[in-house]
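Only heavy atoms go into these numbers, but all of them, side chains included; no hydrogens, no water, no symmetry mates. Numbering starts at 1 and runs along the sequence shown.
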Amino acid sequence: MSNLVQRLEITAHPQLEKSLGYRGDSRWVAWRWEPDIDQLISSDGKTVGTGNNMAWLVFLQHDLVDPAVQEYNLGEGDRYWLLLDTETRNLYVGEGKTVQSLLEQPESLGLLACLDGGNADQTGETWQQTLSQLTAKPVVRHLTNALPFGIAAALIGALGIGTGLWVVPAVQQKLAEKAAFISPISSGANCGLGGSDDFSAYIGSSSGNKELHLIGVYEANADHKNRDLSKSAIEVKVERRNKPIILALSAYEPVQWNITAEPGAVIEKIIVNGYHNQTVSGVSGIPVEEHSYEETGDNLGDFIYKWDATAGSSNTSSLVTKLEQGNRTSLTSFQGCYRGKNFSIN
C-alpha cells in the first residue's frame, strides 16, 4: 500500500468498469464525481469521458462498498478519485491530483501493483466468496420496489452483483434532484458510419450564462480529390436547451457542417475553424464566423480532434484557449475524432 493512495478492502467485479460507462482498454482507470455539472467522469491517462451516474450511485450505496468509501465522499465531491487496476481488480482511493499524476506515469502504477502483489485469479476467488455472501441476503426486493422492473433487471445484470443491490431512499432523492441535468455528450455518441472509431470527449464548466461546445475532426472523408464538400458532410444535431450555445466546429480538411437545431435549442453563434474551406448549412439567422486559412487567410488555432487527457481542464490547445478568451466563457464540452460523420449535443 502507498501513502499516496489507499487500497480498499474490496475487489472489483469483472464488469465494474463497463457498468460505470468506461469503454477503453487501459489497465488503470479512475472515476470522480464532478459536482459543478453533477456528472461521473472517467480518466485513464489518455482519454476523459462521462460515466453512468445511476450505476455510480448504486455502486457507492452498496452495503459492502459504502463502509469502505464513506469517508471519501465520492458521491458528492471531486477531491478523491476511485482508481481501479483492471488486471488485479484492486480498488484504490486517492486525492485527484495524485491519481491523475499516477495515471500519467504508468511505471508508478506498475510499481504499486507489484508492491501490493496478488493476481487476477486470487482476486476472482475472493470475489466469488463475496458474491456468495451477497446472494444469501434477501434484499433484491428493495431494488425492484425502488426502480421500475426493467431498470432494476438491467442494473443487476450490468453490475454483476446478483441480488445484492439496493437503492436506498437517499439515492432515489439525489437522482430525482439531478434529473434536470443532462450531459451534453450522448452516451451513444461516436464517429458514425465510415468514421475512425477513436471518439474522445471532455466535459468542462457549465456555470456561466452561456455554453461553449467544440466539435473537432481532422476530416469527414478519406477521399480528398478536388476537395469536394458535397462528399465531406458532417451532421451535427443540437438538442441542448439549458442555455444559449456558442457552437465551435473545427476541421483540417474541407467540411460541410450540416446543423440541425431541435425546437428550444438556442444557438447564439457558430464559429468554424479550418485549414481548408468550411461551410455551414441547415440553419438560418445565426451569425457564422469563419476562420479558415484557405478562405479567410487565418485560422483560430490548431485543429484539435482528440482531447489531451494529460492536460485535463487546462488543455494546451491553442484553439480552446482562443475560443475561451474570445467568447469570455469556459469550454463546456469537446467531442471529436480523426474522421467524423455525426455528432450530437444533448
#### Entry: R328, CZ: over 12 other non-hydrogen atoms inside 6.0 angstrom
no
### Task
Identify the two heavy atoms, one from L331 and one from Y202, that lie closest to each other, and give their separation to 0.1 Å.
CD2-CD2, 4.2 Å
### Message
Check the orientation of Y338 and Y218. Use parallel for under 30°, tilted for 30 to 60°, and perpendicular for over 60°.
### Response
parallel
### Query
Partners of S101 by side chain to side chain donor-acceptor pair (under 3.5 Å), sequence neighbours excluded?
Q105
### Message
Assess the residue pair E294 and S292 against the criterion (side chain to side chain donor-acceptor pair (under 3.5 Å)); give the C-alpha distance rounded to whole Å, side-chain angles, the decisive distance to 0.1 Å, and a yes or no.
### Response
CA-CA 5 Å; E294 186 176 63; S292 63; over 6 Å; no
### Query
For L91, which of V5, L16, T11 qualifies under side chain to side chain contact (heavy atoms under 4.5 Å, CB included)?
L16
### Heavy-atom side-chain proximity of T279 to W257 below 4.5 angstrom
no
## Note on the structure
Between H213 and S333, the two heavy atoms sitting closest are ND1-OG, 2.6 Å
#### Entry: Partners passing salt bridge (charged side-chain N to carboxylate O under 4.0 Å, His left out) against E95 (at least two apart in sequence or in another chain)
R79
### Summary
For E17, the salt bridge (charged side-chain N to carboxylate O under 4.0 Å, His left out) test, sequence neighbours excluded, returns R89
### Residues which pass side chain to side chain donor-acceptor pair (under 3.5 Å) with S42, listed by chain and number, not counting sequence neighbours
none
### Query
For R241, which residues count as a salt bridge (charged side-chain N to carboxylate O under 4.0 Å, His left out) partner, sequence neighbours excluded?
none
#### Entry: Pairing residues for E34 by the salt bridge (charged side-chain N to carboxylate O under 4.0 Å, His left out) criterion, not counting sequence neighbours
R32
## Note on the structure
Of all heavy-atom pairs linking N52 and S19, the shortest is CB-O, 3.6 Å
### Task
Just jot down the side chain to side chain donor-acceptor pair (under 3.5 Å) partners of K243, sequence neighbours excluded, or say none.
none
### Message
List the residues meeting ring pair (Phe, Tyr, Trp, His ring centres under 6.0 Å) with Y22, not counting sequence neighbours, and say none if there are none.
### Response
none
### Message
Testing the basics here: between T86 and S26, what is the closest heavy-atom pair and its distance to 0.1 Å?
### Response
OG1-O, 3.7 Å
### Message
Using every non-hydrogen atom in the two residues, find where A248 and L212 come nearest and quote the distance to one decimal.
### Response
CB-CD1, 4.5 Å
### Message
I'd like to check the ring pair (Phe, Tyr, Trp, His ring centres under 6.0 Å) partners of Y275; sequence neighbours left out, ordered by chain and number.
### Response
Y252, Y293
### Task
Quick one: list whatever passes side chain to side chain contact (heavy atoms under 4.5 Å, CB included) with N258, sequence neighbours left out.
A233, E235, Q256, S281
In residues 261-273, what donor-acceptor pairs under 3.5 Å come from side-chain atoms, sequence neighbours left out?
| residue | atom | partner | partner atom | Å |
| --- | --- | --- | --- | --- |
| K269 | NZ | E289 | OE2 | 3.4 |
| K269 | NZ | N327 | OD1 | 2.9 |
| N273 | OD1 | L300 | N | 2.7 |
| N273 | ND2 | S250 | OG | 3.1 |
| N273 | ND2 | D302 | O | 3.3 |

### Task
Give the minimum heavy-atom separation between L60 and L74, together with the two atoms involved.
CD1-C, 3.8 Å
### Task
Applying side chain to side chain donor-acceptor pair (under 3.5 Å), name anything that partners W31, two or more places apart in sequence or on another chain.
none
